[in-house]
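Values below: every heavy atom of this structure, side chains too, minus hydrogens, waters and symmetry copies. To find a chain, count down the sequence lines: A is the first, B the second, and so on, and within it residues start at 1.
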2 protein chains.
Amino acid sequence: MESNDLRIFRAVALEGSITKAAQMLGYVQSNVTARIKQLEAELKTQLFYRKHGMILTPTGEKLLPYAVQILHLLDEAHKALNDSDKPTGRLAIGANHTVSSLQLPQILSEYHKAYPDVDLSLTTSSTDELIYKILHFQLDGAFVKSSSFIDDNIVEELVYEENLVLISSPETDDIRTACSKPFLMNTIGCPNRVNLEQWLNAEGINNIRYMEFNNLDFIIEGVMADLGVSFVPQSAIQRYETKGLLKSFSIPPQYSTSKTFFIRHQDTLMTSALAKFIETIESKTPYHQIAH
Amino acid sequence: MESNDLRIFRAVALEGSITKAAQMLGYVQSNVTARIKQLEAELKTQLFYRKHGMILTPTGEKLLPYAVQILHLLDEAHKALNDSDKPTGRLAIGANHTVSSLQLPQILSEYHKAYPDVDLSLTTSSTDELIYKILHFQLDGAFVKSSSFIDDNIVEELVYEENLVLISSPETDDIRTACSKPFLMNTIGCPNRVNLEQWLNAEGINNIRYMEFNNLDFIIEGVMADLGVSFVPQSAIQRYETKGLLKSFSIPPQYSTSKTFFIRHQDTLMTSALAKFIETIESKTPYHQIAH
DNA sequence: ATATGCAATCATTTTACATGATATCTTTTT
DNA sequence: AAAAAGATATCATGTAAAATGATTGCATAT
């Protein structure tokens with residue numbers, strides 16, 4: 001019993017006539033006769049009384065609601081897939097710990113408001129793990145900091161460029177004094193920290209001490225309390241600096257520029273849910289260009 | 001998109017592999033590949049990522065639940081039809097006014113208790129209309145009084161034989177006196193009335209007056225109040241006669257025998273619901289034999 | 001009694017499905 | 001780095017099921 005058998009069965013049942021059903025379906029009458037007889041043989045039961053027309057037997061009446069529902073579902077399924085203007089389904093996004101706290105909540109919130117039918121999921125993990133999941137199609141895309149991923153299957157898009165500054169308590173006189181204090185930083189592997197170390201190296205500053213914090217607010221509070229110094233997005237501390245709660249020092253752009261990328265598999269199916277997500281990213285950020 | 005396409009799609013989605021799905025379905029690998037590609041072409045969308053295995057795309061994930069449900073319903077439908085030991089569905093029974101009030105409620109009640117999953121429907125109307133509905137498969141069967149229906153498509157079965165008696169008030173001396181009173185009878189067309197008239201004719205009694213009642217209890221009350229006489233099943237008045245509330249007179253069996261038949265179309269599909277109904281009738285009545 | 005409307009039958013064509021062998025690509029093993 | 005293993009894609013070919021067109025036969029209506 002296949003769905004087309006049920007389509008023919010339904011037509012005959014509703015029309016009460018093989019001839020009319022055949023016209024409706026665009027078949028020739030003899031074919032409809034054959035299909036119905038075949039269905040009756042397969043189900044080992046009579047579905048119609050033939051009385052100069054076709055009248056459902058009690059068994060046929062049992063089958064009809066199933067036929068109607070199954071055909072309706074087939075129709076629904078077709079619509080659900082082809083109705084691709086309306087973003088629906090699941091959208092699995094990943095993010096490195098470094099990016100999740102700042103722009104991402106805004107982007108997700110705005111996207112969810114615009115497209116509430118999409119089930120958003122956010123996975124926060126290390127960049128390596130994010131890349132693995134993208135290569136295995138477990139994520140539709142991810143926000144990461146570092147670029148150039150070797151793998152040809154990954155396409156990346158710059159979505160945000162931030163300026164990192166060295167921050168310290170207001171009393172600090174100069175950069176070198178600041179650098180003698182402990183650095184309140186994220187755990188190893190954070191790209192900001194890699195940049196920082198490169199600069200410190202270039203300046204010939206060694207003997208650096210770290211204190212590990214994985215929360216930006218804690219870090220800022222710690223710096224204001226003169227627990228140590230840090231290296232954070234300028235935008236995140238602007239309001240504290242204007243109030244005189246801390247002091248910031250700029251370092252050369254090749255070290256201070258932090259780039260956020262949206263990466264995805266080059267073969268990801270561009271669903272409307274994903275397309276609209278990328279649109280949302282772009283609308284929130286002045287920068288965007290395709291790399292690789 | 002037909003159900004077999006979905007069956008193949010489901011297997012590939014669940015196995016994550018065309019090769020395994022093919023083994024499971026008893027197909028050769030290349031066929032499964034072709035079916036999936038064809039389905040993707042028909043739906044104009046990609047359903048799987050190919051990464052040394054098959055991984056559902058977001059669109060594929062949308063389709064899967066439909067496929068699962070549709071295939072489940074097909075299975076259900078098949079079971080519902082072949083599970084013919086268990087009476088279910090609708091059973092449309094008809095009855096002439098004459099029979100509906102006595103044995104029928106008992107039969108229906110007993111049947112419903114035994115097979116509560118059958119939707120019983122009872123249509124009370126004239127014998128002619130009952131026969132029309134049976135010939136057009138609008139009723140699965142009907143209880144009627146008169147026999148021999150000319151139409152070859154109707155089969156009949158005797159289910160009940162009753163003895164009709166002439167009843168009158170206790171003071172009535174003999175049959176002829178009784179017959180001078182008005183007859184309280186059902187409307188024209190009632191087979192009992194036909195029998196009665198045949199006997200009266202044979203006895204040479206004319207000038208009969210009728211009063212029409214379509215309720216047996218009213219008739220009996222009327223007779224006890226000496227409003228007139230009547231011609232009713234002996235079983236219905238037995239308890240009144242033993243109390244001396246009325247008197248009954250027998251007439252020859254060729255006129256007094258009232259037969260109830262269960263008739264149906266010879267081509268009615270013998271569902272288990274109908275078979276069990278006929279069993280119930282037979283168990284309630286000592287008489288049963290196939291006629292015609 | 002005749003004509004009409006409808007389903008059944010059957011020989012034939014057409015289409016879609018299934019197969020088997022082979023190519024191609026990816027991942028794992030050596 | 002090379003080879004083997006494991007997976008899907010492609011293609012020519014075979015096969016079975018579906019669809020057609022013409023005709024027959026039955027039941028209803030005029």
Side-chain angles (χ1 to χ4, degrees), chain A residues 1-9 11-43 46-57 60 131-132 134-137 150-154 265-267, chain B residues 1-9 11-43 46-57 60 131-138 150-154 265-267:
Chain A
M1 179 168 50
E2 293 302 316
S3 51
N4 200 42
D5 303 334
L6 294 182
R7 193 169 292 115
I8 294 173
F9 166 77
V12 174
L14 297 182
E15 293 290 326
S17 153
I18 282 192
T19 308
K20 282 181 195 161
Q23 286 170 354
M24 172 173 250
L25 296 166
Y27 286 132
V28 88
Q29 170 260 320
S30 60
N31 188 42
V32 175
T33 298
R35 295 287 73 70
I36 293 291
K37 300 210 89 172
Q38 177 182 286
L39 184 59
E40 289 182 326
E42 181 191 339
L43 297 175
Q46 192 181 341
L47 295 171
F48 292 97
Y49 296 120
R50 272 85 167 165
K51 179 85 181 171
H52 201 249
M54 305 286 277
I55 301 167
L56 282 173
T57 62
I131 288 174
Y132 176 87
I134 283 184
L135 286 175
H136 290 75
F137 299 103
I150 306 166
D151 199 310
D152 276 354
N153 286 312
I154 287 191
H265 198 294
Q266 66 174 353
D267 298 336
Chain B
M1 178 167 52
E2 293 302 316
S3 50
N4 201 41
D5 304 334
L6 293 182
R7 194 169 291 115
I8 294 172
F9 166 77
V12 173
L14 297 183
E15 294 290 326
S17 154
I18 284 192
T19 308
K20 283 182 194 160
Q23 285 171 355
M24 172 174 247
L25 297 166
Y27 285 132
V28 88
Q29 170 261 319
S30 62
N31 187 42
V32 175
T33 298
R35 296 287 71 72
I36 294 292
K37 297 212 92 173
Q38 178 182 287
L39 184 59
E40 288 182 327
E42 181 191 341
L43 296 174
Q46 192 182 341
L47 295 171
F48 292 96
Y49 296 121
R50 274 83 167 165
K51 179 87 181 171
H52 200 250
M54 304 289 276
I55 301 167
L56 282 173
T57 62
I131 288 173
Y132 176 87
K133 287 186 173 174
I134 281 182
L135 286 174
H136 290 75
F137 300 102
Q138 293 167 18
I150 304 165
D151 198 309
D152 276 354
N153 286 312
I154 286 190
H265 198 293
Q266 65 175 354
D267 297 336

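To the nearest 0.5 Å, the span separating CD on B:E42 from NZ on B:K37 amounts to 15.5 Å. Atom CZ of residue A:R35 and atom CD of residue A:Q38 lie 4.5 Å apart, to the nearest 0.5 angstrom. Distance CZ/A:F48 to OG/A:S17: 10.5 Å, rounded to 0.5 Å. If you take CD1 on B:I55 and CG on B:L47, they are separated by 14.0 Å, rounding to the nearest 0.5 Å.
Here B:T33 reaches the OP1 or OP2 of D:dA9: one of its side-chain N or O atoms lies under 4.0 Å away. Under 4.0 angstrom from either OP1 or OP2 of C:dC6 there lies no side-chain N or O belonging to A:R50.
Remark: the backbone N or O of B:D267 is paired with a side-chain donor or acceptor of B:H265 at under 3.5 angstrom.
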For nucleotides 15-30 of chain D, 5' to 3', base contacts (B), sugar-phosphate-only contacts (S) and non-contacts (-) with protein non-hydrogen atoms under 4.0 Å give ---SBBBB-----S--
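Atoms NZ (B:K37) and C1' (D:dA7) sit 14 Å apart, rounded to a whole Å. One atom, CE of A:M54, and another, C1' of C:dA8, lie 10 Å apart when rounded to the nearest Å. For B:Q23 and C:dT19, the CD to P distance is 13 Å, given to the nearest whole Å. Taking atom CD1 on A:I55 and atom P on C:dC6, their separation rounds to 13 Å, with Å as the unit.
Within residues 12-19 of chain A, no residue approaches DNA chain D, by heavy-atom distance under 4.0 Å.
Looking at B:R7 and B:N4, their side chains come closer than 4.5 Å, going by heavy atoms from C-beta outward.
Under 3.5 Å, the side chains of A:T19 and A:Q29 contain no donor-acceptor pair of N or O atoms.
Of the listed residues (B:L39, B:V32, B:T33), just one forms a side-chain contact (heavy atoms from CB on, under 4.5 Å) with B:I8, and that residue is B:V32.
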